[in-house]
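Written out below as structure tokens is the structure these notes cover.
Not measured: the values here are computed from a predicted model. When a residue number appears, it is its place in the shown sequence, counting from 1.
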Amino acid sequence: MNAIESSPLTRKLSAFVALSEKELGVLERLHQRRRSFVGGRDLVHQGQSEQAAYILAAGWVCSYKIQPDGSRQIVDFQIPGDFLGLRSVLLHTSDHSIEPIAEIEAAEVLVGDLLEAFEQTPRLATAILWAVSRDEAMVVEHLVGLGRRDADARMAHFLLELGARLALVGMGSKAGYACPLTQYHLADALGLSAVHVNRVLRKLREAGYVTFRDGQVTFDDYDRLVTLADFDPAYLDHTGPLLK
């Protein structure tokens with residue numbers, strides 16, 4: 001298996017489209033401008049224009065907005081195989097900032113290269129549209145979590161969703177996964193204080209649901225956690241290729 005066939009983006013898109021050799025070749029070309037970026041320094045700034053999109057190859061990233069009072073709302077976390085800034089490129093201006101959580105590797109994708117890839121391989125374009133639609137479905141779930149789930153269910157749902165996303169690209173399972181997020185990241189994403197995050201994680205651990213310690217999420221009782229969160233992964237659409 002060559003590098004592109006085992007890349008996180010290929011694993012992810014293959015859940016929707018059985019990729020041909022031509023489509024894999026186009027994906028390989030999109031990965032050519034691969035670069036490293038340091039953690040803690042914005043890759044894209046809110047309000048920035050004329051930037052490229054990126055394919056995240058290694059590491060984790062957060063997308064966030066800064067409020068007038070200086071507080072931060074993390075909109076989502078990106079993992080290997082995700083696009084960064086795709087919507088902002090197509091709309092010409094970024095409506096949020098993108099920050100690597102630690103050092104990452106990402107392939108820069110110019111808008112011209114992306115449009116050429118769409119023209120050459122409509123099935124690949126359809127797969128990327130699926131990926132973007134899935135991301136939108138996740139945002140809807142996050143809104144429901146912030147507005148209607150209590151803190152325990154909100155945390156449980158978030159950790160289960162991350163696990164399902166990571167499993168798709170070969171980085172997680174129902175046993176657990178490596179996770180570089182701090183309690184401050186979780187607080188900014190889930191609308192909780194860091195103190196409340198600590199309290200919720202301790203409660204879930206002591207109840208035998210899940211343990212998040214030393215950069216590792218361990219599902220102590222996956223099925224019970226699913227019940228607690230009322231987690232239905234159908235919105236992630238991991239049921240297999242629809243286009244053969």
Within the structure provided, determine whether Val210 and Met155 are in side-chain contact (heavy-atom separation under 4.5 Å).
no
Glu116 vs Arg29 side-chain heavy atoms within contact, under 4.5 Å
no
Report yes or no: does Gln216 contribute a side-chain atom to a donor-acceptor pair with the main-chain N or O of Tyr177 at less than 3.5 Å?
yes
What verdict does the side-chain contact (heavy atoms from CB on, under 4.5 Å) test give for Met138 and Asp76, after you've listed the backbone C-alpha separation in whole Å, the side-chain angles of each residue and the deciding distance to 0.1 Å?
CA-CA 9 Å; Met138 288 193 297; Asp76 199 8; 4.0 Å; yes
Looking only at heavy atoms, which two atoms of Phe83 and Gln78 are closest? And how far apart?
O-CG, 4.1 Å
Answer yes or no: is there a side-chain heavy-atom contact under 4.5 Å between Phe158 and Leu181?
yes
Are Leu201 and Val226 connected in a single hydrophobic cluster, I mean Ile/Leu/Val/Met/Phe/Trp/Tyr linked by side-chain heavy atoms less than 4.5 Å apart?
yes
Go through it in stages, so that I can follow the logic: the residues are Leu162 and Val217, the test is side-chain contact (heavy atoms from CB on, under 4.5 Å), and I'd like the CA-CA distance, side-chain angles, deciding distance and then a yes or no.
CA-CA 10 Å; Leu162 271 180; Val217 173; over 6 Å; no
Could you tell me if the side chain of Cys179 sits less than 4.5 Å from the side chain of Trp60, heavy atoms only?
yes
Could you pull out the closest heavy-atom pair between Phe16 and Ala127, with the gap in Å?
CD2-CA, 3.8 Å
Electrostatic pair Asp220-Arg205, nearest N-O below 4.0 angstrom
no
For Gln67, does its backbone N or O pair with a side-chain atom of Ser71 as donor and acceptor, under 3.5 Å?
no
Does Thr218 offer a backbone N or O that forms a donor-acceptor pair with the side chain of Thr211 under 3.5 Å?
no
Which pair of non-hydrogen atoms, one from Val169 and one from Pro8, has the smallest distance, and what is that distance?
CG1-O, 3.4 Å
Taking the six-membered ring for Trp, are Tyr222 and Phe231 ring centroids under 6.0 Å apart?
no
So how far is it from Leu9 CG to Ser14 OG, rounded to the nearest 0.5 Å?
8.5 Å
Heavy-atom side-chain proximity of Tyr64 to Asp188 below 4.5 angstrom
no
Between atom CD of Gln183 and atom CG of Asn198, what is the distance when rounded to the nearest 0.5 Å?
4.5 Å
Roughly how far apart are Thr126 OG1 and Phe118 CZ, rounded to 0.5 Å?
9.5 Å
Indicate yes or no: at least one non-hydrogen side-chain atom of Leu86 is less than 4.5 angstrom from one of Val132.
yes
Output, in order, the C-alpha distance, side-chain angles, deciding distance and verdict of side-chain contact (heavy atoms from CB on, under 4.5 Å) for Val200 and Leu190.
CA-CA 12 Å; Val200 170; Leu190 299 178; over 6 Å; no
Do the ring planes of Tyr235 and His157 sit parallel (below 30°), tilted (30 to 60°) or perpendicular (above 60°)?
parallel
How long is the gap from NZ on Lys22 to CZ on Arg123, to the nearest 0.5 Å?
11.0 Å
I want to check something: taking the side chain as every heavy atom from C-beta on, are Ile79 and Met171 in contact at a cut-off of under 4.5 Å?
no
Would one find more than 12 heavy atoms of other residues, nucleotides or ligands at under 6.0 Å from atom CD of Glu206?
yes
Measuring from atom OG1 of Thr227 to atom CG of Asp221, what distance do you get when rounded to the nearest 0.5 angstrom?
8.5 Å
Minimum heavy-atom distance Ser36-Glu103, with the two atoms named:
CB-OE2, 3.7 Å
Work out which heavy atom in Leu228 is nearest to a heavy atom in Asp152; give both atom names and the distance.
CD2-O, 4.4 Å
State, with a plain yes or no, whether a side-chain heavy atom of Val197 is found less than 4.5 Å away from one of Phe212.
no
Same apolar cluster: Leu30 and Leu24, side chain cutoff 4.5 Å
yes
Atom CZ in Arg154, atom CG in Leu186: separation rounded to 0.5 Å?
12.0 Å
Just say parallel, tilted or perpendicular for the rings of His185 and Phe77, cut-offs at 30° and 60°.
perpendicular
Stepwise side-chain contact (heavy atoms from CB on, under 4.5 Å) test for Leu13 and Leu27
CA-CA 10 Å; Leu13 296 183; Leu27 276 183; 4.2 Å; yes
Provide the closest heavy-atom pair for Gln46 versus Ile66 in the form atom of the first, atom of the second, distance.
OE1-N, 3.5 Å
Looking at Ala3, is its backbone amide N or carbonyl O close enough to the side chain of Ser6 to form a donor-acceptor pair, meaning the two atoms are under 3.5 Å apart?
yes
